[in-house]
Trainee: 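Have a look at this one.
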There are 2 protein chains.
Amino acid sequence: MIRKAISPENLGSVLREARKQKGLNQTATGKLVGIDQPTVSKVEQGSGGTQLGTLFRLLAALELEMVIQPRSKTDVKNDGDKW
Amino acid sequence: MIRKAISPENLGSVLREARKQKGLNQTATGKLVGIDQPTVSKVEQGSGGTQLGTLFRLLAALELEMVIQPRSKTDVKNDGDKW
DNA sequence: ACGATCTATAGCTTATGCGCTATAAATTTA
DNA sequence: TAAATTTATAGCGCATAAGCTATAGATCGT
């Protein structure tokens, strides 16, 4: 499971996976936090133009949190799959 | 130096701290990745309107990466930081 | 194949980001 | 405290996000 994101595309993939993991569709997810379905779609496709406010609302809907840390040279996909 | 962010304000604080830790000012940081100083300022102040593309460029300038993970059950106000 | 559900795309409108430049506060340093 | 540096704010022009609605395309189940 990809957790690390260094680009909007990465992030979009992470969000999509998390959403499916929760059994939600784009419409339902967006409704939880006031984002319309087309916007959820664009974020998941990796739109770098997406705004931070939109991202954090999405994270809230999916019960996710963001961690900022120094870039690791060695890749980080440790941690037994928790989701 | 691992910091969680659940809002644009959180994130802005994290970025500002990381920048200072690297001994950079807003102008120098922005120049590394083609962002102007006023924009860096707004991001650090927590503008939810900041775009993801801008954020990722800033992360690159500061040699940071983003990790998305399930929200910790233990409250986010638990590691000594004030937000 | 069919219908139902889900996702992607499009047009319109309003709002706002960002680069650029200039300048005003605020902070640091001597 | 004055000067230098750094950060915040503002206006302009251009580009684009996001909400809304509609619909086309894709996917799933029967």
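Residue numbers start from 1 in every chain, and the chains themselves are labelled A, B, ... in the order their sequence lines are given, proteins ahead of strands.
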Trainee: Going through the checks in order, is the side chain to side chain donor-acceptor pair (under 3.5 Å) test met by A:T39 and A:D36?
Mentor: CA-CA 5 Å; A:T39 297; A:D36 66 0; 2.5 Å; yes
Trainee: Please report the interatomic distance CZ(A:R19) to OG1(A:T29), rounded to the nearest 0.5 Å.
Mentor: 5.5 Å
Trainee: Among A:N25, A:L24, A:I35, A:L15, exactly one meets side chain to side chain contact (heavy atoms under 4.5 Å, CB included) together with A:V40. Which residue is that?
Mentor: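 Testing each of A:N25, A:L24, A:I35, A:L15 against A:V40, the sole residue satisfying side chain to side chain contact (heavy atoms under 4.5 Å, CB included) is A:I35.
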Trainee: Working to the nearest 0.5 Å, report the span between OG1 of B:T54 and CG of B:L58.
Mentor: 7.5 Å
Trainee: With rounding to the nearest 0.5 Å, note down the distance linking CG in B:L11 to CZ in A:F56.
Mentor: 4.5 Å
Trainee: Starting at NZ of A:K31 and ending at C1' of C:dT7, how long is that distance when rounded to a whole Å?
Mentor: 15 Å
Trainee: Check whether any side-chain heavy atom of B:M66 lies under 4.5 Å from a side-chain heavy atom of A:I6, and answer yes or no.
Mentor: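 No. Closest side-chain heavy atoms not under 4.5 Å.
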Trainee: Rounded to whole Å, please give me the gap between CD1 in B:I35 and P in C:dT21.
Mentor: 17 Å
Trainee: From C-beta outward on B:D36, which listed nucleotide comes closest to its side chain: D:dA8, D:dA18, C:dC20?
Mentor: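 Shortest atom-to-atom distance from the side chain points to C:dC20.
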Trainee: In this structure, how many angstroms lie between the C1' atom of D:dT16 and the CD atom of B:Q51, rounded?
Mentor: 7 Å
Trainee: With each end axis built from five pairs of C1' atoms, what bend angle do you get for the helix from C:dA1-D:dT30 to C:dA30-D:dT1? Round to 10°.
Mentor: 70°
Trainee: How long is the span from the CD atom in B:E44 to the CD atom in B:E9, to the nearest 0.5 Å?
Mentor: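 One gets 13.5 Å once the value is rounded to the nearest 0.5 Å.
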Trainee: Write down the distance between CG (B:L15) and C1' (D:dT7), rounded to a whole number of angstrom.
Mentor: 16 Å
Trainee: Using a cut-off of under 3.5 Å, enumerate the N/O to N/O pairs linking the protein to nucleotides 28-30 of chain D.
Mentor:
none

Trainee: Tabulate protein N/O versus nucleotide N/O from nucleotides 9-13 of chain D, keeping only pairs under 3.5 Å, one per line.
Mentor:
residue : atom : partner : partner atom : Å
D:dT9   : OP2  : B:Q45   : OE1          : 2.8

Trainee: What do the steps show when you test B:K4 against B:S72 for side-chain contact (heavy atoms from CB on, under 4.5 Å), and what is the final call?
Mentor: CA-CA 10 Å; B:K4 295 177 185 174; B:S72 5; 2.8 Å; yes
Trainee: Starting at atom CG of B:L55, determine the distance to atom C1' of D:dA17, rounded to an integer number of angstrom.
Mentor: 16 Å
Trainee: For B:N25, which contact category applies under a 4.0 Å heavy-atom criterion: base, sugar-phosphate, or nothing?
Mentor: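 Sugar-phosphate only.
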Trainee: Is it the case that B:S41 and B:Q45 place a side-chain donor and acceptor less than 3.5 Å from each other?
Mentor: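 Yes.
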Trainee: What I'd like to find out is whether the side chain of B:Q26 reaches to under 4.5 Å of the side chain of B:R16, using heavy atoms alone.
Mentor: yes
Trainee: Just compare C:dG19, C:dA8, D:dT7 and give me whichever is closest to any side-chain atom of B:R57.
Mentor: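 So the side chain of B:R57 is nearest to C:dG19.
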Trainee: Using a strict cut-off of less than 4.0 Å between a Lys/Arg side-chain nitrogen and an Asp/Glu carboxylate oxygen, indicate whether B:E63 and A:R71 qualify as a salt bridge.
Mentor: no
